[in-house]
Amino acid sequence: MNGREVILGKVRKSLGGGHNDAARLAAIEARLARPPKGVIPERGQLDDKARRRLFIAMAEKVSASVKQVKSYDDVPKAVAEYLRSRNLPAAIRIGNDRRLVKLPWTSQRALEIKHGPSDGDDEAGVSHAFGAIAESGTLVLTSGGDNPTTINFLPEHHIVVVDAKDVAGDMESVLSRLRRKYGKGEMPRTLNFITGPSRSGDIEQKLLLGAHGPRALHVILVGG
Amino acid sequence: MQITSPRFKQNAREALADPQLQKAMGNVRGGFIDKRQAAIDALPEFDALRDNARAIKDHTLANLDLYLEAYEAKVRAAGGFVHWAETAEDARNVILDICRAAGARTVTKGKSMITEEIGLNEFFEKNGVSPVETDLGEYIIQLRGEHPSHIIAPAVHLNKEQVEEDFRRVHDHLPAARDLSEPEALLGEARRVLRAKYFDADVGITGANFLVAETGSSIIVTNEGNGDLTQILPKVHIVLASLEKIVPTLEDAAQILRVLARSATGQDMSVYTTVSTGPRRPGDPDGPEEYHVVLLDNGRSSMLGTEFQDMLRCIRCGACMNHCPVYHEIGGHAYGWVYPGPMGAVLTPALIGVDKAGHLPNASTFCGRCESVCPMRIPLPKMMRHWREREFERGLNPATARGGLKFWAFFAKRPRLYRLATSMAVPVLSLLGGRKGRFRSLPLAGGWTKYRDLPAPESRTFMQQWHGRETSKQETGGKQGAAR
Ligand code: SF4
C-alpha cells in the first residue's frame, strides 16, 4: 500500500494540498451518481424506422453485411443462407441465450450446432447482441454464458442477431439500458462495442480486413 | 529502451538520409490527414465534443486523487486488484511478480505505449518470461528488435518488402517458396502464427485508453481484435495504465471516444471498443480468472499543477504527429524515446528530464498544426516554448541558439510585429521553397535549416490560417481546425 500513499500524496500536493476536500468530494459523488450526458450528435436522433435505416447504412459503411428478417423464426434460415453464400460448412457455435437456443434450428436440417465458448476451431459463431447504435453502426455485446465473448473474436465469421427494438440512436441510450439491467455502477466482465469486422492498416497503411478477429461480420436484424 | 534523444540532431540527419524511411513516411503524409478531415466534416458536433472532452479531463485532473480512490474501490468490489507503481521500476516488478505467481512463461501483449515507457519487454526477457506482441505493427517491430515509431501505427516507418524479409527470417518453418509479396499475405501469415500464441499464454497484458471511476472498468480501443484475444484467453489479465487515463463515468468515456477514433484514424468508432471489469463472473464460460490493474505515476503527478498539466489530457490519438511537418520528414525514431512528434516533444522532457530531451521542443516549426488538430485542445506549441524557456534558463543552449531565442522572444512578445514579419515573409518563402515545399537550406537561417527543413508555407492555406486567426476574433464559431 506504500506506493498508493506516496502517489496520492504527490497528487494532492500538486493539486494544492488538501483544502476544499469536502466540497470536491461532494462534486465528484454527484457526478458519479448522475452522469451528465454531454453532447449527443443529432445524427442518430431519428424515429424508429429512420434510426434502423441509419444503423444499417452505417454498419455497411464499415464493411459489415446486414440482413433484415421479419421475426425470430426466420433467423435459422438466414444463418443457413449466409453460410451457403460464403461456401462455409453448415456448422455454427452459439451460447445459451434463450432467444437463440429456442429458435427452430431443426428447420435447417444439415446445420450442426455447437454450444458453449469457442475453442478457436469454429468457422462461424452466432451471438445475440444486447443492442446496437445507429450513430456509428455499432453492435453492443455483453459477456456471460448466454453469449460467450470468445464467439465474438475467434470464429472467422461472426453472425450477430439484433432485435430491431434494441437499436438505439446513440451510445448514451445503450449505457442507460445497461445500468437498468446490471445495476448502477455494475458491469458484466466484458462489454464489447463492435463496429465492423476486424482490420489492420499496419502494413504501409493499407487497410485490410480480417486481422486477429473475424474476417466478416454479418448482422441479422429482427423485426422493424 | 535506450534513450537517444540527446543526439536528436544526429538522429534527424540520419533519418533524412534514409531512403526506406523517406519512402514509408509518404504513407503518413497521405491517408491519415484526409480520413480525419472527412470524418470530422461528417459530424457537425465535433468541436462541441472537443470542448466537452477538454472540460471532462480538466475536471478529472482537478480531482484526480478522489477519482483514483473511487476507481480503486470499484475495481476491488468487482474482484480485481489495483497496484500502485510510483516508478517504471516499481511497475516492472509488480508485473513480474504477478506473472511469476501465475507460473507464466509466455505473456501476450496488446498494444501499449506504457509498456514501452517502462521497458517491459527487455525486462521480461532478462527474467525468463517471453513477451509476444500481438498487434500486427508491434509484432513486426518486435521481430526486428525495434521500437514503435508512431503511437498508433508502430511500424509506419517500414515498407512491405522489409516486413517480408523479417517474416521469411523468423517464420522459417514455413515453405520458402510461399508468396509474401502483398500485404494481404503478410497479414494472413501473422494471423496464423499469432493464433497459436494466444492459447499458449498464461498472462495477457493490455494498456488502457480509459479507466472509468464509476464502474472500475478499463477500456481499450483497437481495430485488429488482438487486445481482446490477449485479455480473454489467458488465466490472468493485467492492465497497465498511467494515472491520467481516469474518466469519471461511462458517459464521459463515450464523449471522448467520439473524438478519439475520428482524430486517430478517421473512423467514427474503432472496430473494437472493449470495456473490461474485474475477472470472469461465476458461471462465465470464458474470460480471465484474475484481473490486475497497475496504476503508473512515473512523473505524471509532478506535471499536475504546472504549466504542463494540460498535457495530461492527451488521449494518444496521434493526430499531432500525423499533421507535423517535422515528424513527416524524420519519422518517430529520431525523437529518441517512446513518444514522438509534438506530443513527445512536450511529454518526453517531463518524463525523462529536459537535460536529456531538451532538443525535442526545438524540433518544431511552430506552424501550429498540432494544436489545431488536437482533439483535447492541448496547447502543444505553447508548452514547447515553456520547455525552451526552461532550457534557456538552465543555460543548456549553445550561445547562438540563445541569441536566436532572444530574437524570437522579441517578436513573440510583440504579436503585431510578429504577424507583420511572417505575412511579409510568407510569399517570399513559398517562392523559394519550390516544388518540394521544404527548405533544405535557407539564406539567413542557416542555424535553423542546418538541422531542420523549414516547411515552405503552402502560401494559400498558410495565409488563410493567419487571416482566419484575425477574423475568428470577431466572429464566433469559425470553421474547426483554423488556428485558435
Ligand atoms: S497531444 Fe493531442 S493530438 Fe497529440 S496525441 Fe495527444 S490528444 Fe492526440
Side-chain angles (χ1 to χ4, degrees), chain A residues 3-4 6-8 10-12 14-16 24-25 27-28 31-32 35-39 41-43 58 116-117 120 135-136 138 143-145 148-150 152-153 171-172 175 185-206 208 210-213, chain B residues 27 31 43 45 48-49 52 63-67 70 74 84-86 90 136-137 153 155 159-160 163 183-184 186-187 191 194 199 213-215 217 223-226 228-229 232 248-251 254-255 268-269 271-278 280-281 283-287 297 301 304-305:
Chain A
R4 179 183 194 277
V6 173
I7 291 171
L8 286 172
K10 277 168 113 179
V11 169
R12 284 200 182 100
S14 295
L15 290 175
R24 288 199 303 134
L25 195 60
I28 79 143
R31 189 176 183 113
L32 293 176
K37 276 227 164 117
V39 179
E42 276 297 310
R43 185 194 285 175
M58 294 305 286
E135 179 187 340
S136 49
T138 301
S143 58
T149 305
T150 39
N152 303 347
F153 293 96
M171 199 182 229
E172 285 75 1
L175 296 176
E186 303 301 315
M187 294 286 281
R189 150 60 208 178
T190 306
L191 170 67
N192 291 122
F193 294 92
I194 299 179
T195 311
S198 147
R199 66 199 61 193
S200 174
D202 272 347
I203 300 172
E204 296 189 351
Q205 306 311 296
K206 183 175 175 200
L208 303 172
H212 297 281
Chain B
N27 298 324
L43 187 74
E45 294 88 352
L49 282 159
N52 199 31
N63 298 286
L64 188 60
D65 50 338
L66 303 176
Y67 278 121
K74 288 305 288 188
W84 302 72
E86 197 192 345
D90 293 347
L136 177 60
N159 299 297
K160 66 178 197 272
V163 179
E184 285 82 353
L186 295 166
L187 175 67
R191 178 185 166 106
L194 283 168
F199 286 95
E214 177 198 3
T215 54
S217 309
N223 278 320
E224 297 185 4
N226 64 305
D228 290 279
L229 291 171
I232 57 178
T249 66
L250 291 168
E251 275 76 359
Q255 293 286 294
D268 286 1
M269 283 273 279
V271 175
Y272 301 113
T273 298
T274 298
V275 185
S276 311
T277 315
R280 70 161 81 172
R281 305 297 142 81
D284 281 4
D286 51 22
D297 182 346
S301 58
L304 275 177

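In what follows, chains carry the letters A, B, and so on, assigned in the order in which the sequence lines appear, proteins first and then strands, with residues in each chain numbered from 1.
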Looking only at atom types and distance, does a side-chain atom of [X] sit under 3.5 Å from a main-chain N or O of [Y], one as donor and one as acceptor?
| X | Y | answer |
| --- | --- | --- |
| B:E45 | A:E42 | yes |
| B:D286 | A:T150 | yes |
| B:T274 | A:N192 | no |
| B:R191 | A:G213 | yes |
| A:S136 | B:D268 | no |
| B:E251 | A:M171 | no |

Does any backbone or side-chain atom of [X] lie under 4.5 Å from a heavy atom of chain A? Answer side chain, backbone, both or neither.
| X | result |
| --- | --- |
| B:K74 | side chain |
| B:N63 | both |
| B:A85 | backbone |
| B:L250 | both |
| B:I232 | side chain |
| B:L66 | both |

Decide yes or no on side-chain contact (heavy atoms from CB on, under 4.5 Å) for B:W84 and A:V6, but give the supporting numbers first. CA-CA 9 Å; B:W84 302 72; A:V6 173; over 6 Å; no
Output the option from B:G278, B:A155, B:S217 having the highest count of non-hydrogen pairs under 4.5 Å with chain A.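 Sorted descending by pairs with chain A, the first entry is B:G278.
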Closest heavy-atom contact between [X] and [Y]?
| X | Y | answer |
| --- | --- | --- |
| A:V39 | B:A48 | CG2-O, 3.9 Å |
| B:P248 | A:L32 | O-CD2, 3.4 Å |
| A:P41 | B:L49 | CG-CD1, 4.5 Å |
| B:L187 | A:I203 | N-CD1, 4.3 Å |
| A:D202 | B:A153 | OD1-CA, 4.2 Å |

Test side-chain contact (heavy atoms from CB on, under 4.5 Å) on A:E172 and B:Q255; report intermediate values, then the result. CA-CA 9 Å; A:E172 285 75 1; B:Q255 293 286 294; 3.3 Å; yes
Return the [atom1] to [atom2] distance between [X] and [Y], rounded to the nearest 0.5 Å.
| X | Y | atom1 | atom2 | answer |
| --- | --- | --- | --- | --- |
| A:I7 | B:D65 | CD1 | CG | 12.5 Å |
| A:R24 | B:L64 | CZ | CG | 9.5 Å |
| A:Q205 | B:N27 | CD | CG | 6.0 Å |
| B:E214 | A:E186 | CD | CD | 10.0 Å |
| A:L175 | B:T249 | CG | OG1 | 8.5 Å |
| B:R281 | A:S143 | CZ | OG | 7.0 Å |

Kindly indicate whether the side chain of A:P197, heavy atoms from C-beta on, has any atom under 4.5 Å from the side chain of B:V271.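 No - every pair of side-chain heavy atoms lies 4.5 Å or more apart.
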Start with the C-alpha gap between B:D228 and A:T149, add the side-chain angles, then the distance that decides, and say whether side-chain contact (heavy atoms from CB on, under 4.5 Å) holds. CA-CA 9 Å; B:D228 290 279; A:T149 305; 5.7 Å; no
With respect to chain B, which residue among [options] yields the maximal number of heavy-atom pairs within a distance under 4.5 Å?
| options | answer |
| --- | --- |
| A:L208, A:I28, A:N152 | A:I28 |
| A:G196, A:G144, A:P36 | A:G144 |
| A:G210, A:G201, A:S198 | A:S198 |

Relative to chain B, which segment of A:K206 carries a heavy atom at a distance below 4.5 Å: side chain, backbone, both, or neither? side chain
Part of A:T138 lying under 4.5 Å from any heavy atom of chain B: side chain
